[in-house]
Participant: 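Mind having a look at this structure? Questions to follow.
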Protein chains: 4
Amino acid sequence: MSKDKIVSNIKDQELVRIRRDQMIKGAITLFKEKGFHRTTTREIAQASGFSIGTLYEYIRTKEDVLFLTCDAIYDQVKERVEASIALEQPTKENLIKIVTSYFCLMDELQEEILILYQEAKSLKKETRHYVLQKERDMVSMLERALLECVPDLSNKEAALIANNIFVQGHMWSFRRWIIQKQYTLREYIGLQVENLLKTLPN
Amino acid sequence: MSKDKIVSNIKDQELVRIRRDQMIKGAITLFKEKGFHRTTTREIAQASGFSIGTLYEYIRTKEDVLFLTCDAIYDQVKERVEASIALEQPTKENLIKIVTSYFCLMDELQEEILILYQEAKSLKKETRHYVLQKERDMVSMLERALLECVPDLSNKEAALIANNIFVQGHMWSFRRWIIQKQYTLREYIGLQVENLLKTLPN
Amino acid sequence: MSKDKIVSNIKDQELVRIRRDQMIKGAITLFKEKGFHRTTTREIAQASGFSIGTLYEYIRTKEDVLFLTCDAIYDQVKERVEASIALEQPTKENLIKIVTSYFCLMDELQEEILILYQEAKSLKKETRHYVLQKERDMVSMLERALLECVPDLSNKEAALIANNIFVQGHMWSFRRWIIQKQYTLREYIGLQVENLLKTLPN
Amino acid sequence: MSKDKIVSNIKDQELVRIRRDQMIKGAITLFKEKGFHRTTTREIAQASGFSIGTLYEYIRTKEDVLFLTCDAIYDQVKERVEASIALEQPTKENLIKIVTSYFCLMDELQEEILILYQEAKSLKKETRHYVLQKERDMVSMLERALLECVPDLSNKEAALIANNIFVQGHMWSFRRWIIQKQYTLREYIGLQVENLLKTLPN
DNA sequence: GATGAATGAGCATTCATTCAT
DNA sequence: GATGAATGAATGCTCATTCAT
């Protein structure tokens with residue numbers, strides 16, 4: 001597991017989980033507000049409900065907080081996308097359900113997605129790659145769903161469409177000032193799904 | 001003009017233009033490399049070919065540099081998209097040409113686009129809105145081209161497709177580690193244009 | 001006794017002795033490696049084989065560890081010098097034996113001597129004086145041995161020579177990078193003893 | 001030159017010299033009082049007469065201050081020993097003069113010598129070796145003076161005696177609480193020189 | 001107009017010490 | 001008696017900004 005790479009002085013693993021959850025919750029609030037660079041470690045500690053000294057018992061560097069945060073966001077997204085895919089039979093109608101629920105998820109997690117877009121680049125190589133891999137996994141899930149639901153699709157086509165769907169979901173977040181003024185979520189989903197269907201064979 | 005909002009101590013407007021061009025050139029190089037927050041004003045001054053004191057004769061704060069830089073990138077993009085649109089007759093074939101040349105431009109300006117995505121959020125409200133407006137203008141240009149070339153399109157459809165094209169161009173940049181490993185630029189453009197055509201009426 | 005000045009929460013005096021011995025052993029290893037200031041109390045606890053909480057049951061401050069350590073080193077040196085002096089008859093030949101075995105001891109305890117030289121200054125006044133007194137005692141022992149073996153020596157001469165011998169022993173430790181490259185221990189002892197004999201009357 | 005290895009942001013080399021001299025002066029005062037580790041960079045800046053920001057324009061790390069300080073002390077010692085040796089003809093009487101003036105110098109620079117003894121170990125490998133070399137050079141100077149003034153001496157004997165003299169000089173500083181209570185400087189020099197003469201052939 | 005030395009608020013991180021369990 | 005989680009004052013260092021020359 002990824003989080004195990006972040007070293008902590010605290011022995012009680014359950015406590016580490018609890019404190020890091022507090023930390024991630026605090027950090028997300030702050031990163032939404034002012035971004036990673038403008039947030040101080042003291043603010044993170046305070047928002048997490050403990051002292052600066054305690055913060056550093058659970059991480060090694062400020063960047064660790066960013067990693068834990070990005071990681072948690074991806075996990076959350078991945079888990080829910082996975083769940084929505086697992087439930088469905090591989091039919092075109094269900095593909096639409098999957099995509100729809102993915103867009104809804106993106107709406108729910110708008111601000112978290114923004115954090116990924118704007119701050120993940122501040123991770124060091126190794127951790128950035130780790131997080132990138134999670135992203136890749138998620139696109140792969142969409143790709144597989146596409147291939148199962150629409151067997152006529154070539155691999156390259158499926159991969160591209162998966163990427164497009166993936167990014168159109170994010171777009172609802174990172175272009176919200178523009179998009180959300182023109183469309184309701186339902187409209188947006190409706191139009192994007194319509195286009196998607198036109199794109200698919202048959 | 002936007003740049004006029006950034007105050008300078010220097011009277012000679014031509015000199016201001018020259019120095020700011022140097023500054024933007026230096027800043028882009030540095031921001032590509034290490035991002036806005038990790039770049040110091042001293043480094044910007046040095047990369048621009050003058051002293052830190054001189055830098056501050058032409059701007060008021062470090063954020064001004066970011067604004068000038070984002071602004072310059074958008075201007076560059078806008079100018080070239082405008083040119084490509086202006087040349088063409090409103091036919092579907094020419095729409096493809098416009099979109100193709102837009103994707104090529106995004107390929108050329110990959111790193112500049114990344115700067116916009118990752119750093120523009122550090123701008124203060126007012127300037128961020130200013131830059132956002134430029135983005136809106138650009139999407140509008142694509143939208144108008146779409147409506148002219150494909151008259152059957154509704155406004156809402158055209159706006160959404162314009163946004164999709166716009167973001168698919170950026171995607172080539174901000175998801176390059178994933179996308180550019182799977183597709184050549186030509187392949188990417190080919191597939192995206194193909195999907196676009198399927199999406200359009202007729 | 002000195003160690004009794006260091007307060008402990010623990011009643012069982014034998015346990016205090018045992019834990020402090022562990023502590024001193026751990027501390028010496030660490031101080032040799034990185035010095036007093038660069039060693040943390042956590043490291044000392046760990047090297048001693050118990051927790052940080054337990055460490056503080058047996059001392060009041062980090063400086064106490066330094067004191068106990070310096071004190072232990074001096075005790076060790078003193079004990080062995082005392083033993084070597086006690087064994088001998090007061091003849092010039094035996095003086096040579098005493099000096100020789102002192103130099104050998106200094107060779108054995110090189111790194112401990114270094115600790116005294118480099119860290120004892122970090123002790124607070126009171127404890128520093130206490131340790132200093134031990135040093136004085138040791139020089140006095142050499143001085144007495146000198147006076148007994150070479151009765152013609154004046155007090156002032158004996159005191160100075162005792163100091164010289166004392167420091168020449170340390171020198172083998174604190175100038176080792178220079179001295180030990182030029183001389184083997186035997187050579188060093190041989191030459192220093194030779195000079196000593198020339199210095200003495202008769 | 002050694003100091004050139006310490007990088008400064010400031011271009012004006014003369015100013016660098018001036019500021020570093022202030023810094024060394026301030027640092028020596030503080031290091032005498034509380035040692036390197038207990039002295040903060042802020043205190044060094046203040047004692048030097050400028051702000052913490054300015055301090056860091058002239059050095060890169062706190063350790064740089066220690067290096068500059070040790071280096072300056074050695075330079076001062078070396079220069080004066082060199083001068084005293086240069087003046088004299090190679091006779092035994094002049095050897096005594098050289099040694100006497102060396103002891104006087106050690107008396108004058110007592111506290112600076114203590115700094116070398118207690119803090120030089122905190123230098124990083126490279127700089128520590130650099131400083132060590134200066135020490136070696138100084139002993140070599142004494143050694144050469146010995147060989148010139150007392151030609152019958154073997155190299156090994158001369159080297160050892162040079163080291164003894166060198167350390168007996170320092171001893172006046174680092175054992176001052178003991179030695180300076182028993183002897184005046186004149187007495188100390190008198191007795192040590194007397195012993196030295198007994199040691200030398202003829 | 002250009003320069004670069006000076007400033008000090010601000011930040012990440014450490015670590016001796018305490019105390020509830 | 002032992003443990004180890006919690007604390008926060010302290011510290012080294014950075015960097016945007018100013019201003020005298």
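Residue numbering restarts at 1 for every chain, and letters A, B, ... go by the order of the sequence lines.
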Participant: So what's the dot-bracket for DNA chain E: Watson-Crick or G-U pairs under 3.5 Å, [ ] if a pair crosses, | if it pairs off-strand?
Facilitator: .||||||||||||||||||||
Participant: State, to 0.1 Å, how close D:T69 and D:A27 come at their nearest heavy-atom pair, and which atoms those are.
Facilitator: OG1-CB, 3.6 Å
Participant: Quick one: is the NZ or CZ of B:K62 closer than 6.0 Å to the six-membered ring centre of B:F36, and within 45° of its axis?
Facilitator: yes
Participant: Rounded to the nearest angstrom, tell me the gap between atom CD in D:E43 and atom C1' in F:dT11.
Facilitator: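 Nearest whole value for this atom pair: 11 Å.
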Participant: Polar atom pairs between nucleotides 18-21 of chain F and protein, under 3.5 Å, N or O only, would you list them?
Facilitator:
none

Participant: Can you find a pair of side-chain heavy atoms, one from B:K32 and one from B:I28, that are under 4.5 Å apart?
Facilitator: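 They are in contact (side-chain heavy atoms under 4.5 Å apart), so the answer is yes.
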Participant: By nearest nucleotide on DNA chain F, pick out whichever of C:L55 and A:G49 is the more 5' one.
Facilitator: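 Its nearest nucleotide being more 5', the pick is C:L55.
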Participant: Among residues 8-41 of chain B, which ones have heavy-atom contacts with DNA chain F below 4.0 Å?
Facilitator: B:T39, B:T40, B:T41
Participant: Looking at D:E43 and D:T39, what are the two nearest heavy atoms and their distance?
Facilitator: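 Scanning both residues, the minimum pair turns out to be OE1-CA, 3.4 Å.
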Participant: Could you give me the CA-CA distance, side-chain angles and deciding distance for B:Y58 and B:I18, then say whether side-chain contact (heavy atoms from CB on, under 4.5 Å) is met?
Facilitator: CA-CA 10 Å; B:Y58 292 90; B:I18 293 173; over 6 Å; no
Participant: Nearest whole angstrom, please: distance from the C1' of F:dT14 to the NZ of A:K62.
Facilitator: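 After rounding, the reported distance stands at 13 Å.
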Participant: Among the candidates F:dC13, E:dA2, E:dA6, find the nucleotide nearest to the side-chain atoms of D:R42.
Facilitator: F:dC13
Participant: Whole-Å distance between E:dA12 C1' and A:D64 CG?
Facilitator: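 Those two atoms, CG and C1', are 12 Å apart.
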Participant: Could you tell me how far apart A:F50 (CZ) and F:dG4 (P) are, to the nearest whole angstrom?
Facilitator: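 For the pair A:F50 CZ and F:dG4 P, the rounded distance is 20 Å.
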Participant: When rounded to the nearest 0.5 angstrom, what is the spacing between CD1 in B:I24 and CG in B:D75?
Facilitator: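 One finds 9.0 Å between CD1 of B:I24 and CG of B:D75.
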Participant: Grab the CD1-C1' distance between C:I59 and E:dT17 for me, whole Å please.
Facilitator: 10 Å
Participant: Which is it for B:E63 and A:R38 under the salt bridge (Lys or Arg N to Asp or Glu O under 4.0 Å) test, yes or no, and what are the steps along the way?
Facilitator: CA-CA 13 Å; B:E63 208 218 285; A:R38 295 203 203 282; 5.7 Å; no
Participant: Under 4.0 Å between a side-chain N/O of A:S51 and OP1 or OP2 of F:dT7, yes or no?
Facilitator: yes
Participant: Is any side-chain nitrogen or oxygen of A:Y58 closer than 4.0 Å to OP1 or OP2 of F:dA5?
Facilitator: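 The answer is no; no side-chain N or O of A:Y58 sits under 4.0 Å from OP1 or OP2.
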Participant: Rounded to the nearest 0.5 Å, what's the gap from CD1 on A:I10 to CG on A:L15? Could you check?
Facilitator: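 One finds 7.0 Å between CD1 of A:I10 and CG of A:L15.
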Participant: Rounded to the Å, how far apart are A:Q46 CD and E:dA12 P?
Facilitator: 14 Å
Participant: Can you tell which of C:R20, C:R19, C:K25 makes a side chain to side chain donor-acceptor pair (under 3.5 Å) with C:Q22?
Facilitator: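 The side chain to side chain donor-acceptor pair (under 3.5 Å) with C:Q22 is passed solely by C:R19 among C:R20, C:R19, C:K25.
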Participant: Measuring from A:R128:CZ to A:F67:CZ, what's the distance to the nearest 0.5 Å?
Facilitator: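 CZ of A:F67 is found 12.5 Å from CZ of A:R128.
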Participant: Is C:K121 close to D:E119 at the side-chain level, that is, under 4.5 Å between some pair of heavy atoms?
Facilitator: yes
